[in-house]
Amino acid sequence: MRYQAPRGTHDVLPSEVPNWRFVEETFRELCARYGYQEIRTPVFEVTELFARTSGESSDIVTKQMYTFRVGDESLTLRPEGTAPTIRAYLEHALHAQGPVCKLFYICPIFRHEAPQAGRYRQHHQVGIECLGAADAAADAEVIALGHDYLRALGITGEVLHLNSVGCPQCRPTYRQALRDFLQPLLPRLCDDCQRRYAVNPLRVLDCKSTTCKALVADAPRGLDYLCAECAAHFAQVRRWLDTLGIGYELDPRLVRGLDYYTRTAFEFMHDGLGAQSTVIGGGRYDGLIEQCGGKPTPGVGFGSGIERALLIRAALQAALPAAPARKVFVATQGDAARAASIPLLYELRRAKVPAETDYLGRSLKAQMREAHRQGARFALILGDDELAHNVVTLRDLQTHEQRVVPREQVVSELQRLTAV
RNA sequence: GUGGGUAUAGCUCAGUCGGUUAGAGCGCCAGGUUGUGGCCCUGGAGGUCGUCGGUUCGAGCCCGAUUACCCACCCCA
């Protein structure tokens, strides 16, 4: 029986790991620059946390959660990153450390969906949450960080879609206006849209069916129904983005998948992703913290799929910053030299010089080939001649130059040559 | 859940009209003179052709079923 990774999951093999590390380290560095601190929460939470915050009718809650029972507890593998962050923020009273708390995370996310290009059952997200700031400058900062993140990854050609979904005061008015508009059209809408009408009428506006599109062309726009406060906030967000020189497209039909979003909603889209196009999705969630049992506290943040960022980088053939070759390969010939090479190898490693050797008793030629295959910068060659003179042959595999170095100076010499 | 596509060596793929020992490139291993990698040359290892059944004198190829993967719908990061 051969086992395979479960459907929708993937192994990240050693050859791919440098790409992952690049993305994660780029994000970490950026977050530090913007004043965000890392938080790590458990992979699973009590089911209720997600069920209550994401929305009873959301896709995540209705069909995508990996939920399991242990004893009389119902637990769920994290299907999104914001709710656990808020839970930890409240549980440990991080608000007491200052009025604004800025957190970031890098973690796996689990959703039971049908896998396809850019969509997996386990994927990984980087994300940020800015808690305690209602100011439009916070929205702009979050968006700016996302923008800089893509730039730092070598990603270009993305489009920032921006919308405001209002607040609990103005949104019901709009939803009612939209329902009133759609209701007489209902019999002519597609099956999906009839369902959407009941669950989330905003989604009808997003239907790909040409007949639906035509029918809803004159539908009321959410932006026209914003209350005065939401409208002012949205205008300020747009002004700050203009100030920062971050371009965007107003997208009145942009809807987020989770119920807790208020006011600003945004997605960075890119067409290098097949049918999936969102690489960063986020927005403001001013009611969420209170809903989780905290004092009324505003929040804004985003999540971004690492796999999707990597797919775009691959489509753009974005190069990885080259790391200088530092490895030393110890090659030997003969039993005595082999015996002498063991302590040498360990001395190198203890001196923080990356060092490798042959374990198969192969020919010197094969060992040199192996050194090259592994991308070693230097080869140390040790045979009877070197032993007799208490020296080691040092070959630079890039310049093809080699010279003899006294045994007692080899380690310090390589420390010098491989210093970063 | 619903459609479509694919399945042959570690990887990417050929495989003609159904015909005898199933191929290439890359990768891997070894050799090309006495102790030296990369290029080149030579050789080698590696495949129950996804699985099960059917048609046929004969199936990698045709038919059916099944499984897996991919793509798309839906929805999203």
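Small disclaimer: the values here were computed from a predicted structure and weren't measured.
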note: A/Gln116, atom CD; B/C70, atom P; distance rounded to Å ~ 11 Å
Scan A/Phe302 against the nucleic acid and name what it touches under 4.0 Å (heavy atoms): base, sugar-phosphate only, or nothing.
nothing
Whole-angstrom distance between B/U2 and B/U66, as gauged at atom P:
12 Å
Enumerate all atom pairs, one protein N or O and one N or O from nucleotides 27-31 of chain B, separated by less than 3.5 Å.
unit_1	atom_1	unit_2	atom_2	d
B/C29	OP1	A/Arg362	NH1	3.3
B/A30	OP2	A/Arg369	NH2	2.4

Atom CG of A/Asp385 to atom P of B/U36: distance rounded to whole Å?
12 Å
According to the Watson-Crick and G-U wobble definition with distances under 3.5 Å, which dot-bracket string, read 5' to 3', encodes RNA chain B, using [ ] for crossing pairs and | for pairs with another strand?
(((((((..((((.....[...)))).(((((.......))))).....(((((..]....))))))))))))....
May I ask you to list the residues of residues 311-347 of chain A, by number, that have any heavy atom positioned under 4.0 Å from an atom of RNA chain B?
A/Gln333
For the P atoms, the ones on B/G10 and on B/C17, what distance do you get once it is rounded to whole angstrom?
28 Å
Between B/C63 and B/G19 - P atom distance, rounded Å
15 Å
Can you check whether A/Tyr225 and A/Tyr174 have ring centres sitting under 6.0 Å from each other?
yes
Between A/Arg263 and A/Phe234, is NZ or CZ placed under 6.0 angstrom from the six-membered ring centre and within 45° of the ring axis?
no
Only one of A/Leu417, A/Leu397, A/Val330 forms a side chain to side chain contact (heavy atoms under 4.5 Å, CB included) with A/Phe378, so which one is it?
A/Leu417
Side chain to side chain donor-acceptor pair (under 3.5 Å) partners of A/Asp384, counting only residues at least two apart:
none
Heavy-atom nearest nucleotide on RNA chain B taken for A/Met368 and for A/Ala117; more 5' hit belongs to A/Met368
Determine the Euclidean distance between corresponding C1' atoms of B/A59 and B/U16; express it in Å to zero decimal places.
15 Å
For atom C1', what is the distance between B/A45 and B/C40, given to the nearest Å?
22 Å
Near-strand residues of residues 4-31 of chain A, defined as heavy-atom separation under 4.0 angstrom from RNA chain B
A/Gln4, A/Arg7, A/His10
Looking at A/Gln125, does any N or O in its side chain come under 4.0 Å of the phosphate oxygens OP1/OP2 on B/A77?
no
Conformer about C1'-N of B/G38 - syn within 90° of 0, anti elsewhere
syn
Interface with RNA chain B, restricted to residues 101-115 of chain A and to heavy atoms under 4.0 Å
A/Arg111, A/Glu113, A/Ala114
Short side-chain donor-acceptor distance under 3.5 Å, A/Thr53 and A/Gln291:
no
